[in-house]
Amino acid sequence: MQDQSINLGIVVAEFNYDITYLMLQRAISHAKFLGANIRIVFKVPGSYDMAIAVKELLKRDDIDAVVTLGAVIKGETKHDEIVATQAARKLLDLSVEFGKPVTLGIIGHGVTHEQAVERIEEYSTRAVESAIKLAKRLRMLHNLQISREEMVIIE
């Protein structure tokens with residue numbers, strides 16, 4: 001029987017690495033717990049820089065989904081809003097373009113360092129779970145053969 005496990009790529013920002021390093025450790029651990037394979041961990045300078053790495057991972061046949069991990073902390077200006085909004089928009093566009101899940105494990109915008117620390121576990125594990133669930137469901141959809149009279153719920 002063909003291996004049905006999900007192969008993940010992870011793109012992690014080095015900016016705020018005291019937070020993103022812990023996110024990465026939790027994401028790897030949770031992926032292993034759920035039976036997924038981490039094929040590539042790609043480090044980028046910051047969350048804004050993720051799109052190009054995500055795009056290259058999505059081109060690969062050995063990657064079923066990409067998890068992004070980052071922390072965009074509020075500063076004195078609205079720079080955090082620009083970074084988080086533009087990163088999220090482009091990541092969603094790439095997911096749709098390539099037909100593969102790209103999950104948003106980026107904490108922020110508008111959060112303090114302390115708030116980001118509190119969200120490490122939640123954001124990293126949810127991003128991994130979402131990537132695995134969606135990749136499995138898309139795989140099921142692609143392999144689905146139904147008659148005209150049937151209704152199927154994919155979950």
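Heavy-atom basis, side chains included; hydrogens, waters and symmetry copies ignored. Everything quoted here is computed from the prediction, not taken from an experiment.
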CZ/R119: more than 12 non-hydrogen atoms of other groups inside 6.0 Å | yes
Could you grab the distance from atom CG of L24 to atom CG of L69, nearest 0.5 Å is fine?
-> 6.5 Å
Hey, is the main chain of Q25 close enough, under 3.5 Å, to the side chain of S29 for a donor-acceptor pair?
-> no
Just one of L58, L57, L138 clears the side-chain contact (heavy atoms from CB on, under 4.5 Å) bar with K100, so which one?
-> L58
Roughly how far apart are E118 CD and E114 CD, rounded to 0.5 Å?
-> 8.0 Å
Under 4.5 Å between side-chain heavy atoms, hopping through other hydrophobics if needed: is there a path connecting Y48 to V102?
-> yes
E14 side, atom CD; K43 side, atom NZ - distance, nearest 0.5 Å = 6.5 Å
Considering all heavy atoms of both residues, which atom of S47 and which atom of A87 are nearest to each other, and what is their separation?
-> O-CB, 3.7 Å
Can you establish whether the number of heavy atoms outside K74 located under 6.0 Å from its atom NZ is more than 12?
-> yes
Dump the intermediate steps for side-chain contact (heavy atoms from CB on, under 4.5 Å) on I106 and M50, then the final yes or no.
-> CA-CA 11 Å; I106 300 174; M50 288 181 171; 3.8 Å; yes
Do H109 and V83 come within less than 4.5 Å of each other through their side chains, counting heavy atoms only?
-> no
Identify the heavy atoms of A51 and L91 that sit nearest to each other, and give their distance.
-> CA-CD2, 4.2 Å
ILVMFWY network linking L22 to V128, side-chain heavy atoms under 4.5 angstrom | yes
Could you tell me whether E121 and R26 make a salt bridge, using a distance below 4.0 angstrom between a side-chain N and a carboxylate O?
-> yes
In this structure, are over 12 heavy atoms from other groups packed under 6.0 Å from E155 atom CD?
-> no
Say whether, by atom type as modelled, one donor and one acceptor occur between the side chain of E56 and the main chain of A53 under 3.5 angstrom.
-> no
Least distance between heavy atoms, A131 atom then V67 atom = CB-CG2, 3.7 Å
Taking all atoms of both residues into account, what is the closest heavy-atom pair of H30 and E129, and its distance?
-> NE2-OE2, 2.7 Å
Any link between V54 and I40 through a network of hydrophobic side chains (Ile, Leu, Val, Met, Phe, Trp, Tyr) touching at under 4.5 Å?
-> yes
If you measure from CZ on F98 to NZ on K59, what distance do you get to the nearest 0.5 Å?
-> 6.0 Å
For the student: nearest non-hydrogen atoms of F15 and T20, plus distance = O-CG2, 3.8 Å
Polar side-chain atom of N143 near backbone of M140 as donor-acceptor pair, under 3.5 Å | no
For atom CD1 of I52, decide whether the heavy atoms of other residues, nucleotides or ligands shown that lie under 6.0 angstrom number more than 12.
-> no
Step by step, work out the side-chain contact (heavy atoms from CB on, under 4.5 Å) result for I19 and V117.
-> CA-CA 6 Å; I19 295 168; V117 169; 4.2 Å; yes
Are any of the side-chain nitrogens in D64 or R139 under 4.0 Å away from the carboxylate oxygens of its partner?
-> yes
Shortest non-hydrogen contact from I10 to A27?
-> CD1-CB, 4.3 Å
If Ile, Leu, Val, Met, Phe, Trp and Tyr residues are connected whenever their side-chain heavy atoms lie under 4.5 Å apart, and connections chain through other members, are V96 and L94 in the same group?
-> no
Would you indicate whether the side-chain heavy atoms of V12 and V44 approach each other to under 4.5 Å?
-> no
Take V72 and H79 through the side-chain contact (heavy atoms from CB on, under 4.5 Å) test and state the conclusion after the steps.
-> CA-CA 9 Å; V72 182; H79 182 72; over 6 Å; no
Answer with yes or no whether the side chains of D62 and N7 bring together a donor and an acceptor at under 3.5 Å.
-> no
Side chain to side chain, R89 and D93, heavy atoms closer than 4.5 Å = yes
Are L8 and I6 close enough that some pair of their side-chain heavy atoms sits under 4.5 Å apart?
-> yes
First locate atom OG1 of T125, then atom CZ of F33, and finally report the distance between them rounded to the nearest 0.5 Å.
-> 11.0 Å
Rounded to the nearest 0.5 Å, what's the gap from NZ on K90 to NZ on K55? Could you check?
-> 6.5 Å
Kindly check if the number of other-residue, nucleotide or ligand heavy atoms within 6.0 Å of CZ (R137) is above 12?
-> yes
For the hydrophobic clusters of this structure (ILVMFWY residues joined by side-chain heavy atoms under 4.5 Å, transitively), does one cluster hold both Y21 and Y123?
-> yes
Taking atom types as modelled and ignoring hydrogens, do the side chains of D18 and H113 form a donor-acceptor contact shorter than 3.5 angstrom?
-> yes
For Q115, does its backbone N or O pair with a side-chain atom of T112 as donor and acceptor, under 3.5 Å?
-> yes
Main-chain N/O of T103 paired to T68 side chain as donor or acceptor, under 3.5 Å | yes
